[in-house]
2 protein chains.
Amino acid sequence: MALKNKSLYAILGILNVSPGTGYDIKKYCDTVLSGFWNENFGHIYPTLKKMLVDELVEIVESEKSEKKIQYQITPKGQMELEAWLMEDTETQPMRSEFMLKLIFSSNQPKEHIIKMLEDYKQIHVEKLEKYLDMQHDLEQGIEEITKERTSFLKALLRRGVLSCEATIRWCDETIDSGL
Amino acid sequence: MALKNKSLYAILGILNVSPGTGYDIKKYCDTVLSGFWNENFGHIYPTLKKMLVDELVEIVESEKSEKKIQYQITPKGQMELEAWLMEDTETQPMRSEFMLKLIFSSNQPKEHIIKMLEDYKQIHVEKLEKYLDMQHDLEQGIEEITKERTSFLKALLRRGVLSCEATIRWCDETIDSGL
DNA sequence: GGTTTCATGTAACATGTTACATGATTCT
DNA sequence: AGAATCATGTAACATGTTACATGAAACC
């Protein structure tokens, strides 16, 4: 049973940065972690409830209102997070539907393959722009983040940039090759 | 309901290259598609049975023996495959446990972070070597593959190479930065 | 004769996504 | 006043993984 609920660790990590609601956690995934991690509500809310029972998180009573439930990490939660951070990360199997489709497309019309590659390139051009914008914002110090965390966010964005650039380069090369 | 069983398409695509057993399909994923797609038996066998009922595949009776069941794609299966190949591919959300861990590691000891990055680099160095070997084998024409398919396999491997190189470069940069 | 690879399959479990329901608050 | 965003949650469904059971055939 090498399966572990990674959503739990994502939530612990996010709440360790700052307390927040389930909604905040989702937003964090969609912005800061976008391109590297995603969560959906169908996972976040039930997981938070389970974590509450396990005392990995607790409700910030002072912030509690009718519709808003603010969670914060507990010392036990921090220990759990720490343990996970120290663990080796197993490489996870990849599944790229695009590459799967491409490899089976040798009999497809060339125009269609070129279009596939151009669309794929476009997606990565836009993604690259987004990372560059985020990099710019980070340099300007728009948000209030500790110096420590800033360098980690920079590394994250740099990874996104290099990865997009590699993909774009590959698309160009492959389109040029005519296959 | 935008969910589609992609294993089905992977199986159709593989059987469209050449007929084979469930075991063969798994092997194909672990070799040719490794790094881009994976399947496990718990998915392959039940899916094959379902596909048989739906007449997307059929059993090659002449090759049938007690333990070995060889499948081939049917015309209906080819139509289904074709339709999928023509469809736009939606971008799928990414989940990198390594990046998730890194982003939450700003309070971890520097040595541990460097070790994480070095391990991660090593994995990609080995992966790169594997792709380069496969590229070499393909150039030598070791296997019997049509010219058409060869250029697609080359593109696939080239993607793997560029992607590994980008990751290795990022690891080096990040280690050098000292974060 | 023993080990590895080939070969099929299932049950239990774990994870992930979508659609829907509900309503408050904030912005324009 | 109406639209967008904030906010929580569940049920149904879809997907994915592991562990186990079984045994033949090929290799050394």
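Proteins come first, then strands; the chains are lettered A, B, ... in the order of their sequence lines, and each starts at number 1. Treat the numbers as computed from the prediction; the structure is a model and nothing was measured.
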Whole-Å distance, B/F41 CZ to D/dC20 C1', equals 14 Å

Looking only at D/dC6, D/dT17, C/dG9, the nucleotide nearest the A/P93 side chain is D/dT17

Checking D/dC6, D/dT22, D/dT10 against the side chain of A/K27 (C-beta onward), the nearest is D/dC6

B/D30 atom CG is separated from C/dA7 atom P, nearest whole Å, by 14 Å

Whole-Å distance, A/I69 CD1 to C/dA24 P, equals 15 Å

Quiz question: by atom type and distance under 3.5 Å, do the side chains of B/W170 and B/E165 form a donor-acceptor pair?
no

OG1 (B/T47) and CD (B/E39) are apart, to the nearest 0.5 Å, by 7.0 Å

Does any non-hydrogen side-chain atom of B/K115 lie less than 4.5 Å from one of B/D119?
yes

Taking C/dT10, C/dA7, D/dA7 as options, the one with an atom nearest any side-chain atom of B/T21 is C/dA7

In whole angstroms, the gap separating C1' of D/dG9 from NZ of A/K50 amounts to 18 Å

query = Heavy-atom count around A/E55 CD within 6.0 Å, excluding the residue itself: above 12?
reply = no

A/N38 side-chain N/O to C/dT17 phosphate OP1/OP2 under 4.0 Å: yes

Side-chain contact check for B/Y71: nearest option of C/dG16, C/dG9, D/dT8 is C/dG9

Here the distance between atom C1' of D/dT10 and atom CG of A/L48, to the nearest Å, is 15 Å

Q.
Under 3.5 Å, is there a donor on one side chain and an acceptor on the other for A/E126 and A/Q122?
A. yes

task: For B/G22, report the nucleic acid contact type (base, sugar-phosphate, nothing); a contact means any heavy atom under 4.0 Å.
output: sugar-phosphate

Self-check item: Distance below 4.0 Å between A/S7 side-chain N/O and C/dT15 OP1 or OP2
Solution: no

Whole-Å distance, A/Y9 OH to C/dG16 P, equals 13 Å

From CD of B/Q92 across to P of C/dT15 the rounded distance in Å is 20 Å

On DNA chain C, more 5' by nearest nucleotide between A/N40 and B/P46 is B/P46

Picking from D/dT15, C/dT17, C/dT5, the nucleotide nearest the side-chain atoms of B/N5 would be D/dT15

Winner on side-chain proximity to B/K68, out of C/dA7, D/dC6, D/dG9, is C/dA7

Fill in: Polar contact flag, side-chain donor to acceptor under 3.5 angstrom, B/K101-A/T89
yes

When rounded to whole Å, the CH2 to P distance for the pair A/W37 and C/dG16 reads 7 Å

Sorted by position of nearest nucleotide on DNA chain C, 5' first, the leading residue of A/H43 and B/Y45 is B/Y45

Looking only at C/dG23, C/dA7, D/dG9, the nucleotide nearest the A/K67 side chain is C/dG23

Testing D/dA7, D/dG16, C/dA7 for proximity to the side chain of B/D24, the answer is C/dA7

Please classify the nucleic acid contact of B/K49 as base, sugar-phosphate, or nothing, using heavy-atom distances under 4.0 Å.
sugar-phosphate

Picking from D/dG9, C/dT15, C/dT8, the nucleotide nearest the side-chain atoms of B/R95 would be C/dT15

